[in-house]
Amino acid sequence: MHLTNQEKSILSGSQGEAARIALQILVDLGEIFGADEMIPVTQVHIDTTIYMVDAGVEFAERMAELGGKFVVPTQLHPSAIDLVRWKELRVDPELLEKSRRIERAYLQMGAMATWTCAPYQQGLIPRFGEQIAWGESNAIAFANSVIGARTNRYADLMDICAGIIGKGPRFGLHLSENRKAEILITLEGFTEEMFTDRAIYPLLGFVFGEIAADRIAALEGIPSGVPIDSLKAFSAAAASSGAVGLFHIIGVTPEAQTLEMCSQGEPLERFEITPAMLRNAEERLSDNKIGRPDLVVLGCPHFSEEEFVLLAQLLRGRQIHESITCWVFTSRKVYSLIETNDILKELQLVGVDVFTDGCPLQYPTKNWSFHSAMSDSGKFVNYCYSQTGLKVVYGSLDECVETAVAGKLYKERALWRTN
Ligand code: F3S
């Protein structure tokens, strides 16, 4: 890889040991992937924030001890816990202590305490064409596809190195020639009316991700005007069922105003998705025999202001059933907005618990007696059983609310479920 004089100097230790280690790791990674040089990135999203193993904590602490400082704006993915309301989540002392160590190390290096998996909906939002280094699958897919920013799928710890150096190796999705569609997926048997039901997007994303796998796929047939939160739900589900770092939706996402534009004129192998495939995905992901879920989980990825407004409307004048716990996860920024306009108070009064910073897949299972959960998130229902042991059922936001209020599972006869 060609290195500048400044990069060679960093490798010789001129900017300290943390910078030397970080750059060496990035160069080694770049050489494996055939990168010819490093490119500057304008911002970083660190995914290595959820406590999994001690190595993650120790690496962050070591880089901080060695004087590592983030040289570009660097934001943080969720912690394993709500760092403020951890008592309400019944977090174990050990997990709290490990999460605090991670928090201290990143803040010492100058990270922003965003603690959100929807960084594209608050503060530091990249622009079209901007070179960035982001970790976290849903955020990567959204940034590349919906915004048109450019990031590879930065692995854990690589994101820290990119923040310390302000650069990433130049390969993969950083380059225009690697962003073209490789396959075309068309929608067959859908009507425009079906897309007014938001519940369709997570399942569509899930099936799309299964077909795309690690290829860049273009999707044709979605009407324009898709709500941004539906694109968020699609990205998260697609990146959970496939290794999706970039997708194109023709007429919707910026690098795919036409098929010609995203395929760069090349013929593409074709696949199709039908309503029956969504029904099949729902059956595979969802246990409809659950008569009453113990827990309703919303905010995977983290809830936006718009989603809170919608939730408050759906719950106005009603009450969460005493047999059901309803959790919503969001960022600190959105939390402060709904605190200011009283939506938070309104939701709390009807029995909703709102958490920041954390991830519902990381809740301390053994400290709660839940057996089953319901969620409007394709990503959550995909991972729920394997990560938490809870049986899970999928439903739209409306269905989650109706279930939470009635105290028993509620499903609608949606058009795509019946046609
Ligand atoms: Fe976010 Fe956790 Fe879902 S990090 S995307 S809430 S699995």
Side-chain angles (χ1 to χ4, degrees), residues 45-52 56 75-83 85-86 89 91 95 99 102-103 106 111 113-122 134-146 153-156 159 201-203 205-206 209 228-245 285 295-304 307-308 311 326-335 352-365 373-390 392 394 397 400:
H45 179 77
I46 293 188
D47 186 37
T48 326
T49 47
I50 292 178
Y51 172 71
M52 296 282 181
Q75 46 189 334
L76 299 173
H77 191 57
S79 168
I81 62 173
D82 184 325
L83 290 157
R85 294 159 211 86
W86 52 270
L89 261 185
V91 170
L95 180 58
S99 301
I102 293 172
E103 179 187 29
Y106 287 136
T114 48
W115 305 112
T116 185
C117 47
Y120 40 80
Q121 287 189 311
Q122 61 148 47
W134 278 19
E136 160 56 23
S137 63
N138 101 82
I140 293 163
F142 190 98
N144 271 320
S145 316
V146 180
R153 302 172 74 230
Y154 277 78
D156 280 6
D159 40 19
Y201 289 97
L203 293 174
F206 181 82
I228 206 78
D229 287 310
S230 296
L231 290 171
K232 170 172 81 170
F234 179 96
S235 301
S240 80
S241 60
V244 174
L285 285 170
L295 174 68
V296 167
V297 170
L298 304 170
C300 172
H302 281 175
F303 239 39
S304 66
E307 288 172 308
F308 272 113
L311 179 64
C326 180
W327 285 350
V328 188
F329 289 76
T330 192
S331 66
R332 291 183 180 188
K333 183 179 170 202
V334 171
Y335 189 93
V352 175
D353 297 318
V354 182
F355 295 106
T356 62
D357 309 343
C359 167
L361 288 178
Q362 309 299 325
Y363 89 97
T365 327
M374 179 175 195
S375 178
D376 64 342
S377 164
K379 177 172 179 176
F380 181 83
V381 296
N382 188 18
Y383 291 148
C384 179
Y385 185 72
S386 61
Q387 293 214 16
T388 70
L390 296 186
V392 71
Y394 172 78
L397 178 61
C400 287

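Order of appearance sets the numbers: ligands from 1, and atoms from 1 within every ligand. Just so it is clear, the model here is predicted, and its values are computed rather than measured.
Ring pair Phe355/Trp327: centre-to-centre distance below 6.0 Å. Taking the six-membered ring for Trp and the full ring otherwise, Tyr120 and Phe142 have centroids separated by under 6.0 Å.
For the 3.5 Å distance criterion, the side chains of Thr330 and His302 fail to qualify, holding no donor opposite an acceptor. Checking Ser304 against Asp229 by side-chain atom types alone, a donor-acceptor pair falls below 3.5 Å.
The contact set between ligand 1 and Cys117, taken as ligand atoms under 4.0 Å from a residue heavy atom, comprises 1 (Fe), 4 (S), 5 (S), 6 (S). Atoms of ligand 1 lying under 4.0 Å from any heavy atom of Lys379, numbered from 1 in the order shown and given with element: 5 (S), 7 (S). Of all atoms in ligand 1, listed by their number and element, those nearer than 4.0 Å to a heavy atom of Pro360 are 6 (S).
For atom 3 (Fe) of ligand 1, the closest non-hydrogen atom on the protein side is Cys300 SG, 2.3 Å. Taking atom 2 (Fe) of ligand 1 as the reference point, the nearest protein heavy-atom neighbour is Cys359 SG, 2.3 Å. Regarding atom 4 (S) of ligand 1, its nearest protein heavy-atom neighbour is His77 NE2, 3.5 Å.
At a threshold of 4.0 Å, the pair Glu307-Lys232 counts as salt-bridged, since one of the basic side-chain nitrogens sits closer than that to a carboxylate oxygen.
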